[in-house]
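In what follows, a single structure is set out as structure tokens and then discussed.
Worth saying up front: this structure is predicted, and the values here are computed from it rather than measured.
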Amino acid sequence: MRTDGRARTSRRDLLKAVAAAGAGAILPAGLLSAQNSRQTAGTNPRRIDVHHHFATPSLTPGPIQQWTPAQSLEQMDKFGVATALLSHPGDGGLFEGTEKARTLARKVNEFGAKVVSDYPGRFGLLAVLPFRDVEGSVKEIEYALDTLKADGFGITSNNGEKWPGDPALLPIFQEFNRRKTVVFVHPFVNKCCRQLVTGVADSVVEYDFDTTRAITSLLYNGVLSQCPDIRFIVTHSGACVPVLAGRIKDRVPGANSSNTSNTGIAPSNHEGKNEKIPKGAYYELKKLYYECAHASYPMPMAALMKFVGPSQLLFGTDYPAEPMETTIDNLPSDGLSPEVLRALARGNAERLFPRLKSKT
Ligand SMILES: [Zn+2]
């Protein structure tokens, strides 16, 4: 999410000064390529942004309270985004497990669906659920898909109480699987872990830590194996998942117990299989999709590209929580080929959301 804006401001000032002087040659190579990347975007507005937030009058988290569709469209046009999949970043009101939470989810989804229909082709909807309420969530899945024609669902990395692999929530994932839908997993800070460290905002590390908890909980509890038709999207280049994948594999409960040494810890040359993960931890984690919002820096992208193939990469911006530049300006430094960049920008998202498939 949003960080200190001073670095971006000084970069913008520098670009402005250089443009005024008509002396592009004095720009460092990284800034030149970022500038070129934006210009290309302007002439070829075709990206699909799978991490893009909306706010509603009934559910309004602080930083994006003032959101309007026009504000998104202006930035999308500026940065070459053809279509944005709208999701809500999460709000405790959805987790009360009450009728009020069901009503709130319904209002949010109807608001999002209206934005989608008001601007044909520019937005899609990843609907919210009253995520603590299993029966209410299953009903909302049906309504969102059948009546509102949602493109998928946005869930939070926990529901204020439990992480998504908890057996109590399995019926929700079984329904997602039955409908073969896309499920976008967005960070949400559980009450256990708010403001744990003095001087360090939750958005700096806790968002990615909780996303990693959520994915590990889905893996270890067998949800990823039991629900193979869900297409999960992990935010921010996979949070810590690509870096921790080896450790997650090695600690799969009971994995390769016959090879377990007297330390009780399995050796690292096994595949992280058990009865809940029969195909192994890497198999399940490599099937997920990973979007690059505010994590297109060379370091997370290098880790991600070591772990998954180009077919799993998606473009996201986290707008309006993050300015689009924070993602787009870093893509040129990642060393990705034009083919991989095209797959990331649009091609892979077309597979997930066939209605967005380009007619050209
Ligand atoms: Zn977000």
Do Phe153 and Leu129 make a side-chain contact, defined as non-hydrogen atoms from C-beta onward lying under 4.5 Å apart? yes
Heavy-atom check, side chain of Pro228 versus side chain of Asn177, under 4.5 Å: yes
Any salt bridge (Lys or Arg N to Asp or Glu O under 4.0 Å) involving residues 277-286? Give me the pairs, sequence neighbours left out, ordered by first then second residue. Glu284-Lys287
Donor-acceptor pairs are to be reported for all side-chain atoms of residues 296-309 against protein atoms at under 3.5 Å, with residues two or more places apart or in another chain.
unit_1	atom_1	unit_2	atom_2	d
Ser296	OG	Thr327	O	2.7

Give the intermediate values and the outcome of salt bridge (charged side-chain N to carboxylate O under 4.0 Å, His left out) for residues Lys249 and Glu271. CA-CA 7 Å; Lys249 169 184 76 72; Glu271 296 177 69; over 6 Å; no
Mind checking whether Leu285 and Leu219 have side chains closer than 4.5 Å, heavy atoms only? yes
Please list, chain by chain and in numerical order, all residues satisfying salt bridge (Lys or Arg N to Asp or Glu O under 4.0 Å) with Arg213, sequence neighbours excluded. Glu206, Asp210
Side-chain cluster (under 4.5 Å, hydrophobic types only) that Leu148 belongs to, other residues: Tyr143
Contact between His52 and Met324 at the side-chain level, heavy atoms closer than 4.5 Å - yes or no? yes
Just checking Gln195: does its CD atom have more than 12 heavy atoms from other residues, nucleotides or ligands closer to it than 6.0 angstrom? no
Check whether any side-chain heavy atom of Leu341 lies under 4.5 Å from a side-chain heavy atom of Arg346, and answer yes or no. no
Can the positive tip of Arg47 be found less than 6.0 Å from the middle of the six-membered ring of Phe315, inside 45° of the ring normal? yes
When you look at Glu140 and Val108, which way does the side chain to side chain contact (heavy atoms under 4.5 Å, CB included) test go after all the steps? CA-CA 11 Å; Glu140 197 59 24; Val108 171; over 6 Å; no
Close side-chain approach of Glu110 and Lys107, heavy atoms under 4.5 Å: no
Go through it in stages, so that I can follow the logic: the residues are Ser72 and Trp67, the test is side-chain hydrogen bond (donor to acceptor under 3.5 Å, both in side chains), and I'd like the CA-CA distance, side-chain angles, deciding distance and then a yes or no. CA-CA 8 Å; Ser72 275; Trp67 180 86; 2.8 Å; yes
Taking the inter-plane angle between the rings of His51 and His186 on a 0 to 90° scale, is it parallel (under 30°), tilted (30 to 60°) or perpendicular (over 60°)? perpendicular
Given side chains that start at C-beta, do those of Asn158 and Phe131 come closer than 4.5 Å, heavy atoms only? no
Can you tell me how far the CD atom of Glu291 sits from the CG atom of Leu85, to the nearest 0.5 Å? 10.5 Å
CZ of Arg247: more than 12 outside heavy atoms within 6.0 angstrom? no
Please confirm whether Phe188 and Tyr207 have ring centers closer than 6.0 angstrom. no
According to side chain to side chain donor-acceptor pair (under 3.5 Å), who are the partners of Lys139, at least two apart in sequence or on a separate chain? Glu135
pair Tyr220-Arg251: side-chain heavy atoms closer than 4.5 Å: yes
Which residues share a salt bridge (Lys or Arg N to Asp or Glu O under 4.0 Å) with Arg178, sequence neighbours left out: Glu175
